[in-house]
Amino acid sequence: MKKYFIIPIFLSTVLISCNSDSGNKIKSEKEEYQLTKENLLKKEQKNPSNFLIVSGHDKRNMLGQTVVKGIITNKASIATFKDVEIKLSFYSKTKALLENDKETIFEQYKPGESKDFKTKYFAPKGTDSVGLEVLGAKVVEE
């Protein structure tokens, strides 16, 4: 009689242990994914200028201002940025640096998003071209 009583207990123990293993494995994979995602987010938030790309061109308007039109793209996978600070470098025909200025673009950039911007300057005399560079941005906390 004891043998018949021990067999069901043994079988139920084996079945429970098998089920909890697959449940633990799924839970472990989810936790690992979440940890990886959090680490990536911290890396992206630490240095926004590595994940924000600016490109553009310039022209002169009738008032003698230099009009700079550009695009800022967020190449981050998870992080969202806002208030992007860019540096504008004004160069002569011989590529001599004439002046540097800073401009803040007050927009929010979600992962993979690109947005246009436009700004006007009275550039220094002899300006032939303008260089653009992202200096930094604020991180949007989610």
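Residue indices begin at 1 and follow the sequence shown.
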Asker: Less than 4.5 Å apart, side chain to side chain, heavy atoms only: is that true for I53 and K75?
Answerer: yes
Asker: For the residue pair A79 and F81, what are the closest heavy atoms and their distance?
Answerer: CB-CZ, 3.7 Å
Asker: Is there side-chain contact between T80 and E141, with at least one heavy-atom pair below 4.5 Å?
Answerer: no
Asker: Distance from D58 atom CG to Q65 atom CD, nearest 0.5 Å?
Answerer: 13.0 Å
Asker: State yes or no: do I86 and V139 share one hydrophobic cluster built from I, L, V, M, F, W and Y residues joined by side-chain heavy-atom distances below 4.5 Å, directly or via other members?
Answerer: yes
Asker: After noting the C-alpha distance and the side-chain angles of I71 and F117, does the key distance pass the side chain to side chain contact (heavy atoms under 4.5 Å, CB included) rule?
Answerer: CA-CA 6 Å; I71 298 172; F117 71 92; 5.9 Å; no
Asker: In Å, rounded to the nearest 0.5 Å, how long is the span from CD of E99 to CG of L97?
Answerer: 9.0 Å
Asker: Return yes if a side-chain donor-acceptor contact under 3.5 Å exists between D83 and T104, otherwise no.
Answerer: no
Asker: List the steps and the verdict of side chain to side chain donor-acceptor pair (under 3.5 Å) for S92 and D128.
Answerer: CA-CA 5 Å; S92 69; D128 181 61; over 6 Å; no
Asker: Does the T36 side chain pair with the main chain of E32, one donor and one acceptor, at a distance under 3.5 Å?
Answerer: yes
Asker: With side chains defined as the heavy atoms from C-beta onward, is the minimum distance between S129 and K95 less than 4.5 Å?
Answerer: yes
Asker: With rounding to the nearest 0.5 angstrom, report the NZ to NZ distance, K138 to K82.
Answerer: 6.0 Å
Asker: Around atom OH of Y33, are there more than 12 heavy atoms of other residues, nucleotides or ligands at under 6.0 Å?
Answerer: no
Asker: Indicate the atoms forming the closest heavy-atom contact of Q108 with K115, along with that distance.
Answerer: O-NZ, 2.8 Å
Asker: Any idea which heavy atoms bring P111 and S77 closest together, and the distance?
Answerer: CB-O, 3.6 Å
Asker: Give the intermediate values and the outcome of side chain to side chain contact (heavy atoms under 4.5 Å, CB included) for residues L88 and N100.
Answerer: CA-CA 6 Å; L88 294 100; N100 284 324; over 6 Å; no
Asker: Measure the shortest side-chain to side-chain distance between S55 and L132 over non-hydrogen atoms and say whether it is less than 4.5 angstrom.
Answerer: no
Asker: Mind checking the NZ-CG spacing from K43 to L41? Nearest 0.5 Å is all I need.
Answerer: 12.5 Å
Asker: To the nearest 0.5 Å, what is the distance between CD on Q34 and CD on E38?
Answerer: 5.0 Å
Asker: Give the cluster check for L135 versus V130: same hydrophobic cluster or not, with ILVMFWY residues linked at side-chain heavy-atom distances below 4.5 Å.
Answerer: no
Asker: Consider only side-chain heavy atoms of I, L, V, M, F, W and Y, link residues closer than 4.5 Å, and tell whether V84 and Y121 are in one cluster.
Answerer: yes
Asker: Between E113 and K110, is there a donor-acceptor pair closer than 3.5 Å when you use the side chain of the first and the backbone of the second?
Answerer: yes
Asker: For the side chain of E44 and the backbone of I78, is there at least one donor-acceptor N/O pair under 3.5 Å apart?
Answerer: yes
Asker: What's the shortest heavy-atom distance between L98 and Y91, and which atoms?
Answerer: CD1-C, 4.0 Å
Asker: So, do I72 and Y109 sit near enough that their side-chain heavy atoms are less than 4.5 Å apart?
Answerer: yes
Asker: In the structure I gave you, are the side-chain heavy atoms of E85 and K102 within less than 4.5 Å of one another anywhere?
Answerer: yes
Asker: How close do P124 and T127 get, counting heavy atoms only, and between which atoms?
Answerer: O-OG1, 2.6 Å
Asker: For D116 and K69: C-alpha separation, side-chain torsions, deciding distance, then whether side chain to side chain contact (heavy atoms under 4.5 Å, CB included) applies.
Answerer: CA-CA 7 Å; D116 297 336; K69 291 182 178 182; over 6 Å; no
Asker: Can you check whether K118 reaches V67 side chain to side chain, under 4.5 Å on heavy atoms?
Answerer: yes
